Amino acid sequence: MTKKREQQNETRALLDQHGIQMWSEEKIERFRATLLSWYDIEKRTLPWRISNDPYRIWVSEIMLQQTRVDTVIPYYLNFMEQFPTIKDLSQAHEDKLLKAWEGLGYYSRVRNMQKAAKQIMTDYEGEMPRDPKEIIKLSGIGPYTAGAIASMAFDLPEPAVDGNVMRVVSRLFEIEVDIAKPASRKIFEAVMREIIDPYKPGDFNQAFMDLGSSICTPKNYHPELSPIKEFNASYINETWANYPVKSKKKKAVPVYYDGFLIENEHGEFLLEKRPKEGLLANMWIFPLLEEQEKERENTIKLQKKLKEDYSIEIRLMEKSFSEVTHIFSHLKWTIAVYYGKLSCVEKVLPEKCQWVHPDNFNEYTFPGPQTKLWQSYLAYQNMQ
DNA sequence: AATGCGTGGCG
DNA sequence: TCGCCAAGCAT
């Protein structure tokens with residue numbers, strides 16, 4: 001038995017197991033033609049669609065992970081200008097990379113991408129490997145991105161299953177599995193392997209993305225407007241409101257901080273570099289002290305803590321002048337913001353800390369909460 | 001498998 | 001205001 005036949009038997013078994021009735025070969029071919037002719041007319045012109053260069057496609061796919069197209073475009077143009085080749089990326093300074101990513105979120109993406117660029121330089125002579133099994137070994141590249149690169153850059157009939165594909169396919173075939181579960185991805189890959197166009201796999205995959213973001217949307221969905229409505233079982237059976245099945249996310253856990261804008265006699269503020277792993281790794285932020293409760297410490301206690309943790313002596317204002325909130329995927333920060341004047345110059349700051357003048361803030365990479373803290377201070381100053 | 005990891009837009 | 005989302009991956 002050939003490998004291909006073996007794989008086909010496996011995918012068929014998976015489909016049977018979940019009660020998914022695969023289309024006839026004739027229907028599959030009609031579907032491909034319908035979808036691709038819609039895509040030919042309606043496809044968006046995007047900066048990463050002007051060539052099949054695997055590097056350009058790779059960068060776009062990493063940026064687009066959990067991120068909207070409109071947000072990505074300016075970052076993408078800037079990034080490609082600063083780091084036009086895999087070699088440039090592999091040799092870049094990490095601070096410069098992080099700065100280019102500032103505001104995009106999920107910052108480990110860019111560190112993983114550089115790690116992968118180095119892997120490509122050493123293991124693949126500076127060229128993206130063509131084999132999906134090799135592509136997926138690269139840092140930061142998972143099943144979706146590997147499939148996207150293989151199909152778009154190398155014309156290989158590989159599925160690229162993301163949220164769009166799961167949503168569209170679950171409606172097409174009335175698939176009941178919960179798309180929030182990691183294990184569900186394999187079901188959708190099996191379907192896509194059956195129906196993907198072997199001649200235009202890249203366009204086929206991208207057509208699902210464009211359809212998913214324009215017509216087959218999560219909300220305000222109008223199946224009657226879809227170019228593939230005649231293939232859509234949930235439309236024909238009027239069950240489309242039930243798909244996709246998706247369990248709820250847990251809500252962000254509240255965390256409370258006091259944040260400190262501490263100014264020295266040169267008009268510089270104390271910044272702290274976050275640890276090299278975890279949330280907002282390697283980014284710069286004003287000192288924060290965590291509170292157990294929403295209840296705030298008094299000024300004396302905070303001054304004492306700051307002396308212990310940062311070996312600085314300050315005159316702190318009596319009350320915080322504002323409150324800043326920031327919601328991450330899994331955390332909700334609430335920060336009471338204080339202003340303080342350095343009263344005593346200490347000999348040794350902690351390694352992670354620096355005094356920085358606001359004129360030079362743009363040389364440092366700030367995460368969202370840090371930007372909000374600074375904005376709240378500027379607004380407070382304008383009130384005075 | 002479940003959790004950690006950002007941000008901005010929208011109803 | 002808040003919940004949900006948008007082209008996922010590492011661990």
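All values below come from the heavy atoms of this structure, side chains included, with hydrogens, waters and symmetry mates left out. Worth saying up front: this structure is predicted, and the values here are computed from it rather than measured. Numbered from 1 within each chain, the chains take letters A, B, ... in sequence-line order.
Protein atom CD of A:Gln66 is 13 Å distant from nucleotide atom C1' of B:dG8, rounded to whole Å. As rounded to whole Å, 9 Å separates atom C1' of B:dG4 from atom CG of A:Leu279. Computed from coordinates, the A:Lys249 NZ to C:dG3 P distance equals 13 Å when rounded to whole Å. Between the CE atom of A:Met113 and the P atom of B:dC5 there is a distance of 20 Å, rounded to whole Å. Atom P of nucleotide C:dT1 and atom NZ of A:Lys251 are separated by 15 Å, given to the nearest angstrom. For the pair A:Glu277 CD and B:dG4 C1', the interatomic distance rounds to 12 Å; values are reported in whole Å. Spacing between atom CD of A:Gln370 and atom P of B:dT7 amounts to 11 Å, rounded to whole angstrom units. Look at CD on A:Glu61: it is 11 Å from C1' on C:dG8, rounded to the nearest Å.
No contact: A:Arg111 has no heavy atom under 4.0 Å from any strand. The residue A:Leu280 sits close only to the backbone: its heavy atoms come under 4.0 Å of sugar-phosphate atoms, none of a base. When heavy atoms are screened at a 4.0 angstrom cut-off, A:Ser329 is found touching base atoms of the nucleic acid.
Contacts of residues 31-60 of chain A with DNA chain C (heavy atom under 4.0 Å): A:Arg44, A:Leu46, A:Trp48, A:Arg49. Near-neighbour residues of DNA chain C inside residues 68-107 of chain A, defined by a heavy atom below 4.0 Å, number-ordered: A:Arg68, A:Val69. Residues from residues 190-222 of chain A with heavy atoms under 4.0 angstrom of DNA chain C, sorted by number: A:Met209, A:Pro218.
At the phosphate of B:dA2, OP1 or OP2 sits under 4.0 Å from a side-chain N or O atom of A:Lys181. Put simply, A:Arg167 has a side-chain N or O that comes within less than 4.0 Å of OP1 or OP2 on C:dA6. The phosphate of B:dT7 (OP1 or OP2) has a side-chain N or O of A:His326 nearer than 4.0 angstrom. Within the 4.0 Å cut-off from OP1 or OP2 of B:dG4, not a single side-chain nitrogen or oxygen of A:His330 is found.
Here the CZ-OH distance, from A:Arg274 to A:Tyr107, works out to 11.5 Å after rounding to the nearest 0.5 Å. Atom-to-atom distance recorded for A:Gln91:CD and A:Gln114:CD is 9.5 Å, nearest 0.5 angstrom.
Comparing A:Phe328 and A:Ala183 by the nucleotide of DNA chain B whose heavy atom lies nearest to each, the residue mapping closer to the 5' end is A:Ala183. Of the two residues contacting DNA chain C, namely A:Ile327 and A:Ser139, the nearest-nucleotide position lying further toward the 5' end is that of A:Ile327.
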Run the numbers on A:Gln354 and A:Tyr364 for side-chain hydrogen bond (donor to acceptor under 3.5 Å, both in side chains), then give the verdict.
-> CA-CA 11 Å; A:Gln354 281 184 23; A:Tyr364 294 75; 2.6 Å; yes
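Distance from the side chain of A:Lys332 is smallest for C:dC2 among the nucleotides C:dC2, C:dG3, C:dG8. The side chain of A:Pro143 sits closest to C:dC9 out of C:dA6, C:dC9, C:dG3. Of all nucleotides listed (C:dG8, B:dA2, B:dC5), C:dG8 comes nearest to the side chain of A:Tyr144. Considering only side-chain atoms of A:Thr145, the nucleotide from C:dG8, C:dG3, B:dC5 that sits closest is C:dG8. The nucleotide whose nearest atom lies closest to any side-chain atom of A:Asn112 is, among B:dA1, C:dC5, C:dA10, C:dA10.
Tracing side-chain contacts under 4.5 Å through hydrophobic residues (I, L, V, M, F, W, Y), one reaches A:Tyr75 starting from A:Ile57; they form part of the same cluster.
Classification of A:Asp210 and A:Arg49 as a salt-bridged pair holds, one side-chain N sitting under 4.0 Å from a carboxylate O. A salt bridge does not link A:Arg193 with A:Glu189: none of the charged nitrogens is closer than 4.0 Å to a carboxylate oxygen. Classification of A:Glu351 and A:Lys273 as a salt-bridged pair fails, no side-chain N sitting under 4.0 Å from a carboxylate O.
Pairs of residues two or more places apart, or lying in two chains, that qualify as salt bridge (charged side-chain N to carboxylate O under 4.0 Å, His left out) and include a residue from residues 79-106 of chain A are A:Glu94-A:Arg111, A:Lys99-A:Glu102. Annotation: salt bridge (charged side-chain N to carboxylate O under 4.0 Å, His left out) contacts involving residues 135-147 of chain A, sequence neighbours excluded, comprise A:Glu134-A:Lys137.
Under the 30°/60° scheme for interplanar angles, the aromatic rings of A:Tyr377 and A:Phe269 are found to stand perpendicular. Between A:Trp58 and A:Tyr55, the ring planes lie perpendicular to each other; the angle is over 60°, past the 30° to 60° tilted range.
Across B:dG6 and C:dT11, the matching P atoms stand 14 Å from one another, rounded to whole Å. Separating the P atom of B:dC5 from that of C:dC2 is a span of 22 Å, rounded to the nearest Å. Straight-line distance between the C1' atoms of B:dA1 and C:dA6: roughly 23 Å, to the nearest whole Å.
Not counting sequence neighbours, A:Lys115 has no partner by the salt bridge (charged side-chain N to carboxylate O under 4.0 Å, His left out) test.
By the 4.5 Å heavy-atom criterion applied to side chains, A:Trp374 and A:Leu261 are counted as neighbours. Two residues are said to be in side-chain contact when any heavy atoms from C-beta on lie closer than 4.5 Å; A:Lys200 and A:Asp40 meet this criterion.
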